[in-house]
Amino acid sequence: VKAAARLVLRLAIGLLPPERRRWSTAALAELAEAETRRETLRWTLGGLKVVLLEGRMTLTPSLGALAVLACLAGAVVVDGDVVYVVAREGKPSVLALLAFLAPTALVGAAASALVLRRRPLGRPAAYAFFALVAITAVFAVTNTPPVATVFRDYNRAELAHGYRVPASFAREGWTAEQVLRHHSEERRFYGSFAALVVAVGFAFASRRYLPRRA
Amino acid sequence: VPRRRDSSEQTLALLDAFTRDPDRWRHGYDLAKETGLASGTLYPILMRLEQRGVLESRWEPPERPGRPPRHAYRLTGEPEALGVPARVAPKPPAGLATAEPS
């Protein structure tokens, strides 16, 4: 328990800029003195509070960067099946989509890494990420290729493999095609909205709280 | 009259612990044990008291191999001179007569 607690606290302290780690490090050092599991847990929770207090607003860009990384991972988990199904069918649209999304994902990951390491370059990178997300969102919301092509191929593949309409939709008389189109729209709209919210928050946090280039 | 932030019960308990042996360097864990304060309450108070010049701090080398250096704290001067409430001023050792102010 103590090793895990130390790791959690150390990771949290790692989010702070080096000049703001003194008190959190002091709390971490005292964790070694805790004698019981209960004491260890209590001390760790208190230590996390010290991290928040010592970090205050300087933690904001790091949290924004973590949100971007979570968003990128979430996109892979949520929409990975679309890419997988279309790739399995051997459709070239999937390559066009990956080429289209790659710059956004790479810039997002790079911006997050820069911001987590408190590099001033993280600020323009966060802006670039926001711009790329905005462009991607326009393509997704207006259902423009390559986004539209991939979803078209995905829906066709699902229909060809005997897609079964969920009972709740079947009761209301939805056809398989309608359900697939509805799900595609949901993915495009909600995905775009979530990505935009995270990108705006990240850009704002980086602009407001990240040190400027010397 | 605005209430002094240093006069919270927790702060008084902490100052009380310091004034029992004002010259001794104290560690966070020992202070938490002595006062019953959680680390999330203790450290913000230590931070504030150090910022106000009531406490000084230093890093001490590990007492045992494999342990990290520890942060230690001590009062910077006489409690009364630092504006510490009289309630936590050190008590004279038992058995010693104290002169009452006339």
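Quick caveat, the model's predicted, so the values are computed rather than measured. Each chain gets a letter, A, B and so on, in the order the sequences are listed, and its residues count up from 1. The basis for the numbers below is simple: all heavy atoms, side chains too, and nothing from hydrogens, waters or symmetry mates.
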Min side-chain heavy-atom separation Lys33(B)-Glu39(A) under 4.5 Å:
yes
Between Arg58(B) and Trp25(B), is NZ or CZ placed under 6.0 angstrom from the six-membered ring centre and within 45° of the ring axis?
yes
Any idea which of Lys49(A), Glu33(A), Arg22(A) has the most non-hydrogen atom pairs under 4.5 angstrom with chain B?
Glu33(A)
Considering only heavy atoms and a distance below 4.5 Å, find which of Gly28(B), Ser39(B), Gly40(B), Ala32(B) pairs most often with chain A.
Ser39(B)
Arg70(B) portion near chain A, given a 4.5 angstrom heavy-atom threshold:
both
With distance as the sole criterion, is a donor-acceptor pair present between the side chains of Arg6(A) and Thr44(A) under 3.5 Å?
no
Go through the atoms of Pro69(B) and report whether side chain, backbone, both or neither lie under 4.5 Å from a heavy atom of chain A.
backbone
Electrostatic pair Arg181(A):Glu186(A) at N-O distance under 4.0 angstrom
no
Could you tell me whether the side chains of Glu56(B) and Thr76(B) share a donor-acceptor contact shorter than 3.5 Å?
no
Report which part of Ser24(A) has an atom under 4.5 Å of a heavy atom belonging to chain B: side chain, backbone, both, or neither.
neither
Do you know which of Tyr29(B), Tyr43(B), Trp59(B) has the most heavy-atom pairs with chain A at a distance under 4.5 angstrom?
Tyr29(B)
